[in-house]
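What follows is one structure encoded as structure tokens, with my remarks underneath.
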Amino acid sequence: MRRVTLGVLLVLLAGTAGAQTTAGAPVPFIGGDPERGRLVFATCRTCHYTDPRQGHGNGPNLHRIFGKVAGQQPGFDYYSAPLRAAGFVWTPQALYTWLENPMQATPGTTMMSYGVPDPGDRADLIAYLQQVSVLEFEE
Ligand code: HEC
């Protein structure tokens, strides 16, 4: 019992440390499993497409999201003012931190989601989004 609690604590600590990582610190989302991430993404899929041919849904398209400035994708008209003004670039680290609690990270966001509180699930989700971002979708 004690050991389990300690394990959970360590995972939580690793997640926190990673969220404020500086060069050299362990990066918790490296090594995520994209196949598991595909399943984690099921809760996002009601609002977000990852195939660029499908365009935006209730939420903006997430194909090649990494490297884009938050809240600025052309053709998506429903960004909240706070996200539009946020001005940061989506890196895996930024998404890892944000997804822990989007409504707290961006107060006033129109994304009605509790995010992905579990650090392992977030790592898998990021691996999945990285994988779909390199797919060309030429069928
Ligand atoms: C109920 C619909 C809904 C769900 C479910 C949802 N989102 Fe969103 N998402 C949105 C909306 C709407 C926005 C725009 C938010 C804003 O402007 O404040 C958004 C924005 C985003 C952005 C920023 C995109 C950009 O262009 O800056 C990311 C990244 C994102 N969502 C990821 C996710 C992930 C990952 C999940 C699953 C854990 C998820 N979302 C679940 C509706 C949703």
Side-chain angles (χ1 to χ4, degrees):
M1 188 61 174
R2 251 185 103 180
R3 197 169 269 173
V4 172
T5 315
L6 187 64
V8 169
L9 240 180
L10 283 176
V11 168
L12 286 175
L13 284 175
T16 316
Q20 304 155 354
T21 205
T22 48
V27 184
F29 49 81
I30 298 245
D33 176 351
E35 283 309 311
R36 277 206 71 246
R38 179 191 303 279
L39 304 180
V40 177
F41 193 76
T43 61
C44 322
R45 215 176 281 283
T46 45
C47 296
H48 292 283
Y49 298 120
T50 54
D51 182 335
R53 296 168 302 190
Q54 290 177 290
H56 303 304
N58 289 333
N61 195 289
L62 295 182
H63 185 247
R64 296 195 176 149
I65 186 65
F66 299 114
K68 290 181 181 163
V69 179
Q72 300 291 332
Q73 293 196 62
F76 185 73
D77 299 329
Y78 308 109
Y79 284 118
S80 63
L83 193 67
R84 233 183 289 127
F88 65 86
V89 172
W90 285 116
T91 59
Q93 181 69 68
L95 186 61
Y96 183 86
T97 306
W98 190 76
L99 266 189
E100 186 178 2
N101 189 342
M103 292 190 274
Q104 189 179 302
T106 305
T109 181
T110 44
M111 179 161 133
M112 293 297 128
S113 162
Y114 290 109
V116 182
D118 182 83
D121 284 351
R122 288 207 300 286
D124 295 338
L125 178 80
I126 287 166
Y128 170 69
L129 281 180
Q130 286 176 315
Q131 186 185 66
V132 294
S133 289
V134 297
L135 295 180
E136 293 295 341
F137 292 98
E138 285 167 6
E139 272 148 37

Self-check item: From CA spacing to verdict: side chain to side chain contact (heavy atoms under 4.5 Å, CB included), Q54, H63
Solution: CA-CA 10 Å; Q54 290 177 290; H63 185 247; over 6 Å; no
Answer whether the closest heavy-atom distance between the side chains of [X] and [Y] falls below 4.5 Å.
X: Y79; Y: Q72; value: no
X: N58; Y: Y78; value: no
X: Y96; Y: P119; value: yes
X: F66; Y: L95; value: yes
X: P60; Y: H48; value: yes

Self-check item: Check against salt bridge (Lys or Arg N to Asp or Glu O under 4.0 Å), R36 and D121
Solution: CA-CA 8 Å; R36 277 206 71 246; D121 284 351; 3.2 Å; yes
Considering non-hydrogen atoms only, spot the tightest contact between [X] and [Y] and give its length.
X: M111; Y: W98; value: SD-CH2, 3.6 Å
X: S113; Y: M103; value: O-CE, 3.3 Å
X: P102; Y: G115; value: CD-CA, 3.6 Å
X: L125; Y: C44; value: CD1-SG, 4.3 Å
X: R122; Y: L99; value: CD-CB, 3.6 Å

Quiz item: Out of curiosity, does Y49 fall in the hydrophobic cluster containing L129 (side-chain heavy atoms, cut-off under 4.5 Å, transitive links)?
Solution: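 Unlinked, L129 and Y49 end up in two clusters.
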Self-check item: More than 12 heavy atoms of other groups within 6.0 Å of Y114 OH
Solution: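 Counting other residues, nucleotides and ligands, OH of Y114 stays at 12 neighbours or fewer.
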Practice problem: May I ask you to check whether over 12 heavy atoms, not counting those of Q104, lie within 6.0 Å of atom CD? | Solution: no
Exercise. Report the C-alpha separation of V132 and Y128 in whole Å, then their side-chain angles, then the decisive distance to 0.1 Å, and conclude whether the side chain to side chain contact (heavy atoms under 4.5 Å, CB included) test is met.
Key: CA-CA 6 Å; V132 294; Y128 170 69; 3.6 Å; yes
Quiz prompt | Test item: N61 side-chain N/O and G55 main-chain N/O as donor-acceptor pair under 3.5 Å | solution = yes
